[in-house]
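Source: prediction; values computed, not measured. Numbers restart at 1 for each chain; the letters A, B, ... are given by sequence-line order, proteins then strands.
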There are 2 protein chains.
Amino acid sequence: MSPRPMVRPGGRSARVQESVHAAVRELEAEVGRGALTVPLIAARAGVTPSTVYRRWGDLQELLSDVAVERLRPDGPPEDHGDLAADLTAWAEQFLEEMASPPGRAYVRDALLGDPDGDNAGQCSDYAAAQIAIILARAADRGQRAPDVEEVIDRVVAPMLYRILFRRGSFGTGYARDLVTALLAPREPSAGANPPLGGR
Amino acid sequence: MSPRPMVRPGGRSARVQESVHAAVRELEAEVGRGALTVPLIAARAGVTPSTVYRRWGDLQELLSDVAVERLRPDGPPEDHGDLAADLTAWAEQFLEEMASPPGRAYVRDALLGDPDGDNAGQCSDYAAAQIAIILARAADRGQRAPDVEEVIDRVVAPMLYRILFRRGSFGTGYARDLVTALLAPREPSAGANPPLGGR
DNA sequence: ACCTTAAAGCAAAATCCTTGCGTCAAGCCG
DNA sequence: CGGCTTGACGCAAGGATTTTGCTTTAAGGT
């Protein structure tokens, strides 16, 4: 069903995989996402369609694979010397990338052709790893910090919910507000939280 | 691209739409979700495949349409006489339904064939409407309550994030913990939140 | 009752997906 | 170093799906 074989680096499989991935990226930029087909991609990559079908099974699984690669962070988050600054900067950049039209497309693709939830899980792991780095820095500085799960629940999840389930665009201020609400101790008023800042 | 025409009730279009939707539901139960094809559905519905392609454009958009219908709540949430009880019960049931294998499939389908984010937005609106009812009841009782956006950010979004991005199953206790953390004022300790209960 | 318009039926053509079989490359063992 | 095993790829045929032009039917309005 989902072959997705192990690929040893340098082998022929690796070359084919890279060639196909590159073809997807090129054609996506040239003809647009909706016009992608397996035969088209295969032709550009210099392989036969059946190779693509056997390795990925499906156009969506292939796009999912490529999307995950594009969503992989290319380096550790910037260090601003302070937990709040680190988290805010990371969240703002994350939101900006994910909320952009191409970003949304990648997130949806990663989620899409993915019966096992395997690719989506990898995306989540990427974010968790970045957050873990930020929190570890805070711990090194002696700052008290929430744990990764809490940051995911309170910051990452709301942002992705908006990206996936609501089409309206929203500024990076939303990310800042979420981080602020997470870190700032809240006055023990009633059940209600203080209203978020700029919306 | 996305025809999705206006459908006057009682007209032929409405009959076709209902017939096709019914065919999807029946066949999904009979042959399984993965074996669904447009020609198969069209045959069961007593229409030609081209009708389905013209109206929905695509198998995924059709499945998305059907999924949204299945995700529509069938009634107002139960009234337990207390905000915390209402929210907890609703969140637990929501999580249970959405985290089940069929529930996950519906959520994914609703998100999937949906270039405009239109169907997904409708799902979000369903949940928001249910929450608004619960919060309005609380206001009627004079209870202080958060607003809908906050419940979505703190309860709905984390649950859906887990459903979509992490394959591990989790109990309804997660829903209860989220509601508790939302409603309970938190001791103004350091930046860190108190750990959630059972995980 | 006729007219207008939008959607559905029909059928052909194009495209895509699947599959069996032969070939080739990569890793492994002698 | 050379033969062997395994897995992936190319090729091509077959079947299924998707697209499309044209015709027909039904719904709503005049």
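Contact of the A:Val179 side chain with the A:Arg176 side chain is not registered, since no non-hydrogen atoms from C-beta on lie closer than 4.5 Å.
Here D:dT17 presents its C1' atom at 15 Å from CG of B:Leu62, a figure rounded to the nearest Å. Distance, B:Glu61 CD to D:dT19 P: 11 Å, rounded to whole Å. D:dT19 atom P lies 15 Å from atom CH2 of B:Trp56, rounded to whole Å. Spacing between atom CG of A:Asp58 and atom P of C:dT18 amounts to 8 Å, rounded to whole angstrom units. Atom CZ in A:Arg12 sits about 9 Å away from atom C1' in C:dA26, given to the nearest Å.
Of all heavy-atom pairs between B:Asp114 and B:Asn119, the closest is OD2-N, 2.9 Å. Of all heavy-atom pairs between A:Arg44 and A:Ala23, the closest is CG-CB, 3.5 Å. Residues A:Leu178 and A:Pro158 come closest through the heavy atom pair CD1-CB, 3.9 Å.
Under the side-chain hydrogen bond (donor to acceptor under 3.5 Å, both in side chains) test applied with B:Asp109, the options B:Arg104, B:Gln60, B:Arg33, B:Arg70 reduce to a single match, B:Arg33. Each of B:Phe94, B:Tyr126, B:Trp90 was checked for a side chain to side chain contact (heavy atoms under 4.5 Å, CB included) with B:Ile131, and the lone residue meeting it is B:Trp90.
Counting only heavy atoms from C-beta on, B:Thr51 has its side chain closest to C:dG9 among D:dT25, D:dC9, C:dG9. Comparing D:dG10, D:dA27, D:dC22 by their nearest atom to the side chain of A:Ser50 picks out D:dG10.
Between the side chain of B:Arg54 and the base of C:dG9, at least one donor-acceptor pair of N or O atoms lies under 3.5 Å.
In this structure, A:Glu18 pairs ionically with A:Arg25, as a charged nitrogen and a carboxylate oxygen lie closer than 4.0 Å. With salt bridges taken as basic N to acidic carboxylate O contacts below 4.0 Å, none links A:Asp82 and A:Arg141.
Near DNA chain C, defined here as any heavy-atom distance below 4.0 Å, the residues from residues 20-49 of chain A are A:Thr37, A:Val38, A:Pro39, listed numerically.
Taking the side-chain hydrogen bond (donor to acceptor under 3.5 Å, both in side chains) definition, one finds that B:Thr88 meets it with nothing, sequence neighbours left out.
Between B:Arg15 and the phosphate of D:dA27, there is a side-chain N or O to OP1/OP2 separation shorter than 4.0 Å.
For the helix from C:dA1-D:dT30 to C:dC16-D:dG15, the rotation axes defined at the first and last 5 base pairs enclose an angle of 20°, given to the nearest 10°.
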